A.B. asks: 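Take a look at the following structure, please.
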Amino acid sequence: MKNLTSIQSSKSKPAKLAALRQAYQAWSQEPDPLARLTKRLSTTLSLENQLEIIAEEISASIPFDSMQYRHRIARQDFVFSTGVGGPHRCEYRLSLEGNHYGILTFHRRHKFSDDELSGFEMMLSAIICPLRNACQFIAIEQAALTDSLTGIGNKRALQEELTRASSLSDRLDAPCTLILCDLDHFKRINDNHGHVVGDHILSKAAEKIERAIRNSDSVYRFGGEEFAVLLPHTDIQEAKTVAERIRGALESIRVDGGETPITVTGSCGIAAHLANEQTEQWLVRADEALYQAKACGRNCSRVFASIP
Ligand SMILES: Nc1nc2c(ncn2[C@@H]2O[C@H](COP(=O)(O)OP(=O)(O)OP(=O)(O)O)[C@@H](O)[C@H]2O)c(=O)[nH]1
């Protein structure tokens with residue numbers, strides 16, 4: 001409120017406005033490379049787009065043969081590369097206020113001069129803030145798709161991936177199979193050993209399932225004690241084998257529970273994607289198969305197609 005009053009009562013300042021007009025003209029005409037670089041970087045939060053701009057703008061002042069950027073953001077490696085190597089190299093570790101924002105490397109066939117090296121440093125000091133924002137944007141996007149307890153994808157991530165997998169499966173006419181896996185009698189574990197132990201078992205289960213599947217497959221926490229595993233390019237027969245491997249992996253969990261270790265089992269429902277099927281319908285069919293597995297005594301797998 002105080003600031004608003006002072007804004008409303010202040011008189012216009014011609015000198016400041018003239019300076020602003022002049023600055024705007026200079027800015028809009030983009031006369032210097034640093035102004036143009038920062039202006040272009042401010043138009044995007046995509047790290048990939050920013051790196052393309054950085055490569056283009058820096059190479060206009062300091063020619064190089066290739067540029068690489070690498071950084072680990074939210075448990076994932078981000079790598080960007082443009083051009084082809086060269087024996088001479090200069091490398092910068094980018095950091096701001098004690099935080100690391102990746103490594104940027106330039107290669108060239110002939111040596112970089114001292115002037116060029118200080119030119120790089122000037123350009124890099126201009127890119128660090130926008131680059132930090134782009135890295136943080138990826139981390140926030142990643143957090144919105146990650147289950148905080150287990151570190152695997154959450155229900156929202158599953159929805160996105162199911163949609164992508166369905167359209168790929170339709171377009172390529174390739175099989176794609178979904179397994180819903182629910183821990184058995186999990187309420188008893190919580191009731192007998194407490195929620196902290198329950199949480200620990202959920203994290204272990206996520207870890208075990210992740211290790212039981214291929215890199216091209218993915219696992220998500222679908223609900224409380226329910227996991228979804230998406231298997232692209234995988235038919236029902238192969239998915240049954242994976243489901244059995246997952247069940248075995250869950251059975252191998254041992255958590256300290258006093259006299260006897262706490263163990264857990266899981267039931268799996270399997271459904272292959274049908275041509276042009278909506279993702280909701282696909283999930284419903286996998287859930288029905290899971291219901292059958294529970295009804296058949298738990299700690300087993302059932303395929304939707306096998307339901308009469
Ligand atoms: N510790 C912990 N427990 C959870 C979490 N989310 C859900 N649960 C518990 O999971 C249990 C699920 O219970 P039910 O849906 O009755 O199923 P169940 O006991 O596993 O029995 P079946 O699925 O029929 O084999 C409930 O006790 C929930 O409180 C969580 O994040 N942490």
Side-chain angles (χ1 to χ4, degrees), residues 74-75 139-162 177-213 217-231 239-240 242-271 279-308:
R75 301 206 311 158
I140 290 167
E141 268 191 319
Q142 219 29 60
L145 296 170
T146 304
D147 173 53
S148 57
L149 175 68
T150 58
I152 60 175
N154 60 16
K155 201 168 180 170
R156 198 180 135 200
L158 171 68
Q159 285 298 349
E160 286 188 9
E161 214 42 53
L162 274 181
T177 305
L178 175 67
I179 302 176
L180 287 185
C181 176
D182 188 278
L183 302 187
D184 298 325
H185 298 304
F186 197 68
K187 188 172 180 311
R188 282 188 207 158
I189 290 182
N190 275 329
D191 291 347
N192 296 341
H193 306 281
H195 265 76
V196 174
V197 172
D199 283 358
H200 181 59
I201 291 178
L202 284 171
S203 298
K204 283 238 163 220
E207 234 177 85
K208 288 278 184 183
I209 297 174
E210 244 182 341
R211 274 195 234 147
I213 58 179
D217 306 332
S218 45
V219 57
Y220 306 85
R221 188 161 172 217
F222 183 56
E225 29 40 296
E226 192 168 351
F227 297 90
V229 180
L230 189 58
L231 310 163
K240 273 162 86 173
V242 177
E244 287 310 293
R245 214 162 51 227
I246 289 173
R247 277 201 323 101
L250 292 175
E251 274 182 325
S252 74
I253 293 176
R254 295 283 177 277
V255 170
D256 188 10
E259 278 175 24
T260 47
I262 306 164
T263 56
V264 69
T265 59
S267 303
C268 297
I270 307 168
T279 55
E280 294 76 21
Q281 199 49 38
W282 188 10
L283 273 167
V284 166
R285 290 191 307 105
D287 199 42
E288 276 186 36
L290 172 61
Y291 178 80
Q292 291 297 319
K294 291 276 182 184
C296 290
R298 297 176 174 79
N299 194 18
C300 61
S301 308
R302 286 294 177 271
V303 174
F304 176 80
S306 67
I307 299 167

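Quick caveat: nothing in here was measured; it's all calculated off a predicted structure. When a residue number appears, it is its place in the shown sequence, counting from 1. Numbering of ligands and ligand atoms starts at 1, following listing order.
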A.B. asks: May I ask you to list the atoms of ligand 1 that are less than 4.0 angstrom from any heavy atom of G198?
C.D. replies: 1 (N)
A.B. asks: Under a 4.0 angstrom heavy-atom cut-off, which atoms of ligand 1 come close to H185?
C.D. replies: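 Every atom of ligand 1 under 4.0 Å from some heavy atom of H185: 18 (P), 19 (O), 20 (O), 21 (O), 22 (P), 25 (O).
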A.B. asks: For ligand 1, which atoms sit closer than 4.0 Å to a heavy atom of D182?
C.D. replies: 23 (O)
A.B. asks: Kindly identify the option in N190, I201, V197 whose heavy atom sits closest to atom 4 (C) of ligand 1.
C.D. replies: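 Considering heavy atoms of N190, I201, V197, the nearest to atom 4 (C) of ligand 1 sits in N190.
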A.B. asks: How about F186: does its CZ atom have over 12 heavy atoms from other parts shown lying under 6.0 Å from it?
C.D. replies: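 Atom CZ in F186 is crowded, with more than 12 foreign heavy atoms closer than 6.0 Å.
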A.B. asks: Tell me the protein heavy atom at minimum distance from atom 24 (O) of ligand 1, and give that distance in Å.
C.D. replies: R298 NH2, 2.9 Å
A.B. asks: Report the C-alpha separation of L183 and L202 in whole Å, then their side-chain angles, then the decisive distance to 0.1 Å, and conclude whether the side chain to side chain contact (heavy atoms under 4.5 Å, CB included) test is met.
C.D. replies: CA-CA 9 Å; L183 302 187; L202 284 171; 3.9 Å; yes
A.B. asks: Among all the protein's non-hydrogen atoms, which is closest to atom 18 (P) of ligand 1, and how far away is it?
C.D. replies: F186 N, 3.4 Å
A.B. asks: Can you tell me which residue and heavy atom of the protein come closest to atom 5 (C) of ligand 1, and the distance to 0.1 Å?
C.D. replies: R221 NH2, 3.7 Å
A.B. asks: For R247 and E244, what are the C-alpha separation, side-chain angles and deciding distance, and is it a salt bridge (charged side-chain N to carboxylate O under 4.0 Å, His left out)?
C.D. replies: CA-CA 5 Å; R247 277 201 323 101; E244 287 310 293; 2.6 Å; yes
A.B. asks: Compute whether any side-chain donor of one residue and acceptor of the other, for K240 and S301, lie under 3.5 angstrom apart.
C.D. replies: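 No, no side-chain donor-acceptor contact under 3.5 Å.
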A.B. asks: Do the side-chain N and O atoms of S267 and D184 include a donor-acceptor pair separated by under 3.5 angstrom?
C.D. replies: yes
A.B. asks: Could you tell me the residue and atom name of the protein heavy atom closest to atom 7 (C) of ligand 1, and the distance to it rounded to 0.1 Å?
C.D. replies: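 Answer, as residue, atom name and distance: G224 CA, 3.4 Å.
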A.B. asks: Check if H193 has a non-hydrogen atom at a distance under 4.0 Å from any atom of ligand 1.
C.D. replies: no
A.B. asks: Hey, which atoms in ligand 1 end up nearer than 4.0 Å to a heavy atom of D199?
C.D. replies: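 Per the distance check, 1 (N), 2 (C), 30 (C), 31 (O), 32 (N).
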A.B. asks: Hey, looking at atom 17 (O) of ligand 1, which of H195, E226, K187, E225 has the closest heavy atom?
C.D. replies: E225
A.B. asks: Should the heavy atoms of other residues, nucleotides or ligands under 6.0 Å from NZ of K294 be counted, would the total exceed 12?
C.D. replies: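 Yes, because the 6.0 Å sphere around NZ of K294 holds more than 12 heavy atoms from other groups.
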A.B. asks: Which one of K155, E160, Q159 satisfies the side chain to side chain contact (heavy atoms under 4.5 Å, CB included) criterion with L145?
C.D. replies: E160
A.B. asks: Tell me, which protein residue and heavy-atom name are nearest atom 23 (O) of ligand 1, and how many Å apart are they?
C.D. replies: K294 NZ, 2.9 Å
A.B. asks: Can you find an N or O of L202 that's nearer than 3.5 Å to an N or O of ligand 1?
C.D. replies: no
A.B. asks: Working to the nearest 0.5 angstrom, can you tell me the gap between F222 CZ and N154 CG?
C.D. replies: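 Answer for the CZ-CG pair, F222 versus N154, is 11.5 Å.
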A.B. asks: Would you check if the side chain of D287 reaches a backbone N or O of L283 as a donor-acceptor pair within less than 3.5 Å?
C.D. replies: no
